[in-house]
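Only one structure is covered here, and it is reproduced in the block below.
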Amino acid sequence: MNKPAPVEYAVQDLIKNRWSPRAFSDKPVSSELLRSLFEAARWAPSSSNEQPWAYIVATKDDPENFEKSLGALIEFNANWAKHAPVLVIAVAELAFAKNNAPNRNAQYDVGAASMQLSLEATARGLVVHQMAGFDPEAAKEAYDIPQGWDPIAAMAIGYPGDASSLPEPYQTREKAPRSRKPIREFVMSGRWGHTAEFVK
Ligand SMILES: Cc1cc2nc3c(=O)[nH]c(=O)nc-3n(C[C@H](O)[C@H](O)[C@H](O)COP(=O)(O)O)c2cc1C
């Protein structure tokens, strides 16, 4: 199932076509493709080129680790994400390695890397569904994540599946139209809350 964004202004097809489905095919993702996804993440920009990201990957053919990641998800997510062939936990290093000063852009940079990963995945016919609904403490414990590193988001990665295979309430959500705020609500100039002229 494709669900291209009903954009108001022209954007690249890759951006239109990326979306967050919950139906996954059970087809595995090759190691070669996984390498490309993380190569895409690797080339994201970051504050001071700190690259404050780490990704913990669990594929379904590694049941022990797949269960560890699945066990960290909230039930609402585990119910559908268990069908994805790959689960990933994105982790941020919260301080600069060089001087231990707080890196206030660490989560931002991890988000940028994860978005690059998501777009690379879209270009290759894969889908990525990011999740805030997981227990960071459970992830830390399951994977011995050291102090100073914070699990930011989980991701389910795989090939798109059949929406009609999803139980409710997921199926209705899968088929619901995609929506966004209009850009005039968040593009400002001059002062806070003043919509930029070019988007009025
Ligand atoms: C950081 C982040 C956390 C999210 N957490 C969840 C989640 O826990 N469960 C879920 O089903 N979807 C989650 N989503 C998916 C969003 O609901 C989805 O991106 C949003 O509705 C827009 O839909 P689209 O990605 O298909 O454009 C998350 C997305 C992001 C980026």
Side-chain angles (χ1 to χ4, degrees), residues 1-3 18-42 44 51-94 106-107 110-111 113-175:
M1 181 176 162
N2 293 322
K3 219 159 74 159
R18 183 217 58 81
W19 73 295
S20 306
R22 295 188 177 88
F24 284 83
S25 136
D26 55 11
K27 183 178 169 184
V29 179
S30 71
S31 298
E32 187 188 355
L33 268 180
L34 286 175
R35 283 192 289 274
S36 289
L37 300 191
F38 293 104
E39 184 71 8
R42 178 183 174 220
Q51 306 157 63
W53 45 71
Y55 291 93
I56 302 173
V57 184
T59 53
K60 215 168 228 163
D61 59 7
D62 173 7
E64 187 186 333
N65 285 313
F66 194 86
E67 282 305 315
K68 273 161 54 172
S69 291
L70 197 59
L73 300 182
I74 61 167
E75 198 185 343
F76 175 86
N77 287 329
N79 285 341
W80 57 266
K82 66 186 175 197
H83 298 295
V86 185
L87 295 176
V88 174
I89 297 172
V91 189
E93 186 172 25
L94 301 174
Q107 292 93 338
V110 174
S114 299
M115 197 58 216
Q116 291 213 168
L117 181 159
S118 299
L119 291 174
E120 183 70 29
T122 305
R124 291 168 177 275
L126 292 163
V127 290
V128 175
H129 195 133
Q130 300 187 65
M131 293 166 273
F134 75 106
D135 179 350
E137 292 308 316
K140 280 187 194 172
E141 197 176 316
Y143 286 111
D144 292 329
I145 296 172
Q147 272 217 324
W149 289 80
D150 214 19
I152 302 297
M155 289 183 230
I157 303 178
Y159 290 93
D162 184 0
S164 57
S165 68
L166 285 170
E168 293 298 351
Y170 307 106
Q171 191 174 141
T172 299
R173 292 192 187 200
E174 196 84 342
K175 294 176 178 168

- Message: Please give me the minimum heavy-atom distance between Ala44 and Gln116, naming the atom from each residue.
- Response: N-NE2, 3.4 Å
- Task: Look at the side chain of Lys82 and the backbone N and O of Glu67, then say whether any donor-acceptor pair between them is shorter than 3.5 Å.
- Result: no
- Message: Less than 4.5 Å apart, side chain to side chain, heavy atoms only: is that true for Leu117 and Met155?
- Response: yes
- Calculate, to the nearest 0.5 Å, the distance between atoms NZ and OG belonging to Lys60 and Ser69 respectively. 12.0 Å
- Once the angle between the rings of Trp80 and Phe24 is folded into 0 to 90°, is it parallel (under 30°), tilted (30 to 60°) or perpendicular (over 60°)? parallel
- Determine which pairs satisfy ring pair (Phe, Tyr, Trp, His ring centres under 6.0 Å) with at least one residue from residues 136-159, sequence neighbours left out, and list them in order. none
- Value rounded to 0.5 Å, distance of NE2 in His83 from CG in Leu166: 8.0 Å
- Query: So, for Ser118 and Arg18, which heavy atoms are closest and what is the spacing to 0.1 Å?
  - Reply: CB-CD, 4.2 Å
- Message: What I'd like to find out is whether the side chain of Ser30 reaches to under 4.5 Å of the side chain of Leu33, using heavy atoms alone.
- Response: yes
- Query: What is the minimum heavy-atom distance between Ser25 and Pro160, and which atoms define it?
  - Reply: CB-O, 3.4 Å
- Interatomic distance, CD@Glu141 vs CG@Asp135, rounded to 0.5 Å, equals 9.0 Å
- Task: Mind running side chain to side chain contact (heavy atoms under 4.5 Å, CB included) on Glu93 and Val110 for me, showing each step along the way?
- Result: CA-CA 9 Å; Glu93 186 172 25; Val110 174; over 6 Å; no
- Do Asp61 and Pro28 have side chains that get closer than 4.5 Å, going by heavy atoms? no
- Note on the structure: Minimal heavy-atom distance between Val88 and Phe38, with the atoms involved, is CG2-CZ, 4.2 Å
- Task: Let me see the working for Thr59 and Val29 under side chain to side chain contact (heavy atoms under 4.5 Å, CB included), right down to the final yes or no.
- Result: CA-CA 8 Å; Thr59 53; Val29 179; over 6 Å; no
- Message: Is any side-chain heavy atom of Pro21 closer than 4.5 Å to one of Met1?
- Response: no
- Please check if the side chain of Lys175 supplies one atom and the backbone of Ser164 the other of a donor-acceptor pair under 3.5 Å. no
- Has Glu32 got more than 12 heavy atoms of other residues, nucleotides or ligands less than 6.0 Å from its CD? no
- Task: Work out which heavy atom in Pro169 is nearest to a heavy atom in Phe76; give both atom names and the distance.
- Result: CG-CE1, 4.4 Å
- Item | Donor-acceptor contact present, side-chain Tyr55 to main-chain Ser114, <3.5 Å | yes
- Are any of the side-chain nitrogens in Arg35 or Glu39 under 4.0 Å away from the carboxylate oxygens of its partner? no
- Task: Check for a donor-acceptor pair, side chain of Glu174 on one end and backbone N or O of Ala23 on the other, with a separation under 3.5 Å.
- Result: yes
- Message: Between Glu120 and Leu37 (side chain of the first, backbone of the second, donor and acceptor by atom type, cut-off under 3.5 Å), is there such a pair?
- Response: no
- Note on the structure: Here the pair of heavy atoms bringing Ala72 nearest to Ala139 is CB-N, 4.1 Å
- From Lys27 atom NZ to Leu126 atom CG, the distance as rounded to the nearest 0.5 Å: 8.5 Å
- Message: By the salt bridge (charged side-chain N to carboxylate O under 4.0 Å, His left out) test, which pairs, at least two apart or in different chains, include something from residues 155-164?
- Response: none
- To the nearest 0.5 Å, tell me how far Ile56 CD1 sits from Asn65 CG. 9.5 Å
- Message: With rounding to the nearest 0.5 angstrom, report the CG to OH distance, Asn77 to Tyr170.
- Response: 7.5 Å
- Task: Enumerate the residue pairs fulfilling salt bridge (charged side-chain N to carboxylate O under 4.0 Å, His left out) with a member in residues 145-156, sequence neighbours excluded, ordered by first and then second residue.
- Result: Lys140-Asp150
